[in-house]
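Below is one structure, written out as structure tokens, with a few remarks after it.
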Amino acid sequence: MKRISVQGLDKSCSQLILGTSGLAAEQREAFELLDTYVELGGNTLDTAHLYNNGASERTIGKWIEERQNRDQIVLVDKGGHHHVAKDGSHDASVSRVNAQEITRDLLESLERLQVAYIDLYLLHRDDPTVHVAELIDMLEEHIQSGRIKRAGVSNWTYERIEEANRYADEKGYNCLVVNSPSLSLANINEPRWPGTVYIDQDYKQWHYKTQMPLFSWASQASGFFTGRFSPDVKTNPDLARVYYNDANWKRFHRARALAKQKGSKVTPNHIALYYVLNQPFPTCAVIGSQNVKELRDSYTALDLSISHEELQWVNLEKEE
């Protein structure tokens with residue numbers, strides 16, 4: 001599997017990153033998924049303090065301890081998410097983007113994971129009212145202490161990233177080295193959750209200019225390209241609210257047509273994943289495989305050969 005380099009890390013990151021927000025509660029199933037991912041060439045796990053009330057981090061920690069493979073794994077963890085109610089609703093009005101709360105998250109994550117350091121630590125949300133100095137000072141302290149190797153952000157605007165990195169340069173600190181918004185073949189109607197960032201054309205141009213690595217969450221548009229849905233099938237209200245629009249259905253139909261040309265086992269979902277992995281800047285895709293079958297299926301996208309012109313055609317806003 002192709003890997004990309006990230007400034008400050010001694011290991012490169014596999015382009016397919018295994019997301020663990022839905023990691024199985026049953027340890028045997030979770031270990032089987034993690035083992036298979038490594039066997040297939042993956043080495044990068046994406047988790048967060050928030051996921052499954054800490055169960056995802058604990059499971060990863062047990063697996064690393066049992067397999068004794070910490071040196072081979074790139075851990076991407078996140079903290080500083082805003083408040084989430086017991087019913088699962090997101091309350092962006094209760095900000096936790098501050099040095100005290102993020103440090104608390106980090107220390108607890110290290111304990112759950114049973115590791116001495118996290119390779120890439122991302123700020124899970126942003127609060128533009130908080131000055132970047134507080135956050136960059138805090139992250140630099142954790143880098144210097146050895147708790148994290150390098151830092152990045154998730155769900156930040158590129159203007160805030162630029163502001164943060166200008167401050168880091170002025171202070172002689174380590175800059176943010178990774179950005180993790182959502183990038184997919186589908187364009188959204190509105191964010192799924194408050195405070196989440198889905199990149200647009202201007203944001204893509206910024207990544208092209210800076211060449212900052214992008215780790216995309218919801219890289220397959222939360223299942224929009226699986227073929228299980230249609231304009232009249234709204235069994236997933238969130239998916240319909242975020243992704244159902246005429247332009248996206250046209251993208252789906254073009255992706256399906258292109259998939260048929262590429263082979264009997266190729267699906268629109270593979271085309272969508274290939275799109276994310278083949279941008280003019282370094283990208284990785286966080287995939288939320290729930291089982292080994294889904295995980296193995298995702299790897300089909302890595303073996304495809306699709307031209308730049310074909311990708312442009314799939315991503316047309318409208319037929320010409």
Side-chain angles (χ1 to χ4, degrees), residues 6-9 20-21 45-58 60-61 74-85 89-181 191 193-197 210 212-215 217 286:
V6 174
Q7 181 183 340
L9 297 191
T20 64
S21 63
L45 303 179
D46 174 272
T47 191
H49 181 270
L50 173 77
Y51 293 164
N52 299 322
N53 294 315
S56 292
E57 290 177 323
R58 292 188 186 96
I60 292 169
V74 178
L75 283 177
V76 181
D77 209 334
K78 301 183 288 293
H81 197 286
H82 55 61
H83 176 71
V84 176
S89 61
H90 292 224
D91 187 355
S93 67
V94 184
S95 173
R96 298 182 63 256
V97 183
N98 60 72
Q100 182 178 1
E101 294 283 359
I102 293 168
T103 296
R104 182 182 295 118
D105 285 358
L106 170 59
L107 296 178
E108 196 165 75
S109 292
L110 287 167
E111 183 178 348
R112 292 169 176 171
L113 290 162
Q114 304 176 62
V115 297
Y117 69 93
I118 290 166
D119 298 273
L120 281 170
Y121 196 71
L122 311 185
L123 304 187
H124 208 161
R125 288 289 192 273
D126 190 19
D127 180 351
T129 67
V130 177
H131 197 283
V132 294
E134 176 182 346
L135 304 175
I136 296 300
D137 287 349
M138 176 264 303
L139 290 171
E140 182 67 17
E141 178 184 342
H142 293 312
I143 291 172
Q144 295 303 323
S145 73
R147 298 184 190 99
I148 62 177
K149 294 292 186 181
R150 287 296 185 271
V153 293
S154 181
N155 301 300
W156 278 38
T157 66
Y158 65 81
E159 292 89 351
R160 279 279 279 181
I161 296 174
E162 289 181 337
E163 181 185 358
N165 280 348
R166 280 196 301 270
Y167 175 79
D169 284 338
E170 291 168 2
K171 299 288 287 188
Y173 291 164
N174 289 282
C175 289
L176 302 172
V177 296
V178 164
N179 184 30
S180 185
W193 299 288
T196 50
V197 172
T210 64
M212 177 181 280
L214 186 153
F215 291 4
W217 59 267
V286 180

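Basis for what follows: all heavy atoms, side chains included, without hydrogens, waters or symmetry-related copies. For reference, positions follow the sequence shown, starting with 1. Just so it is clear, the structure is predicted and the values come from calculations on it, not from any experiment.
- Of all the heavy atoms in S95 and D127, the pair that sits closest is OG-OD2, 2.9 Å.
- Using a 4.0 Å cut-off between a side-chain N of Lys or Arg and a carboxylate O of Asp or Glu, E101 and R104 qualify as a salt bridge.
- In terms of the side chain to side chain contact (heavy atoms under 4.5 Å, CB included) criterion, residue partners of E108 (sequence neighbours excluded) are, by chain and number, H49, R112.
- Residue L139 holds its CG atom at 11.5 Å from SG of C175, rounded to the nearest 0.5 Å.
- The NZ atom of K171 lies 6.0 Å from the CG atom of D137; values are rounded to the nearest 0.5 Å.
- Taken from CZ in R150 to CD1 in I143, the straight-line distance is 5.5 Å, to the nearest 0.5 Å.
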Report the C-alpha distance between I102 and Y121 in whole Å, list the side-chain angles of each, state the deciding distance to 0.1 Å, and finish with yes or no for side-chain contact (heavy atoms from CB on, under 4.5 Å).
-> CA-CA 10 Å; I102 293 168; Y121 196 71; 3.9 Å; yes

Where do Y51 and I60 land on the side-chain contact (heavy atoms from CB on, under 4.5 Å) test, with the steps shown first?
-> CA-CA 12 Å; Y51 293 164; I60 292 169; over 6 Å; no

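- No donor-acceptor pair closer than 3.5 Å links the side chain of N174 to the backbone N or O of E140.
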Derivation and outcome, side-chain contact (heavy atoms from CB on, under 4.5 Å), residues M138 and T103 | CA-CA 8 Å; M138 176 264 303; T103 296; 3.6 Å; yes

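- Looking at heavy atoms from C-beta onward, L110 lies out of side-chain contact with D77 at the 4.5 angstrom threshold.
- Among all heavy-atom pairs drawn from G80 and D105, the shortest one is N-OD2, 2.9 Å.
- Remark: the T47 side chain and the T20 side chain contain an N/O donor-acceptor pair separated by less than 3.5 Å.
- The only member of I148, D46, V115 that meets side-chain contact (heavy atoms from CB on, under 4.5 Å) when paired with L75 is V115.
- With sequence neighbours excluded, the residues satisfying side chain to side chain contact (heavy atoms under 4.5 Å, CB included) with P128 are D126.
- Looking at N52, its side chain does come within 3.5 Å of a backbone N or O of S21 through a donor-acceptor pair.
- Atom CH2 of residue W217 and atom CG of residue L122 lie 13.0 Å apart, to the nearest 0.5 angstrom.
- Annotation for N53: atom CG does not count as buried by contact number, only 12 or fewer foreign heavy atoms lying within 6.0 Å.
- Taking all atoms of both residues into account, the shortest heavy-atom contact from W193 to R125 is CB-NH2, 4.1 Å.
- Looking only at side-chain heavy atoms (C-beta outward), R58 and L113 stay at 4.5 Å or farther from each other.
- Summarising the geometry of A164 relative to L176, their closest heavy-atom pair is CB-CD1, 3.8 Å, with the distance given to 0.1 Å.
- Atoms CG and CD1, from L123 and I136 in turn, are 7.5 Å apart once rounded to the nearest 0.5 Å.
- Using a 4.5 Å heavy-atom threshold, the side chains of E163 and E159 count as separate.
- For the salt bridge (Lys or Arg N to Asp or Glu O under 4.0 Å) test, residues two or more places apart in sequence or in another chain that qualify with D119 are K11, R70.
- Atom CG of residue N165 and atom CE of residue M212 lie 5.0 Å apart, to the nearest 0.5 angstrom.
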Test V153 against R160 for side-chain contact (heavy atoms from CB on, under 4.5 Å), laying out the working first.
-> CA-CA 10 Å; V153 293; R160 279 279 279 181; over 6 Å; no

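- Across all their heavy atoms, P213 and V6 have their closest contact at CG-CG2, 4.4 Å.
- By the 6.0 Å contact criterion, CD on E134 is enclosed, its count of non-hydrogen atoms from other residues, nucleotides or ligands being greater than 12.
- Between Y158 and T210, the closest side-chain pair of non-hydrogen atoms is not below 4.5 Å.
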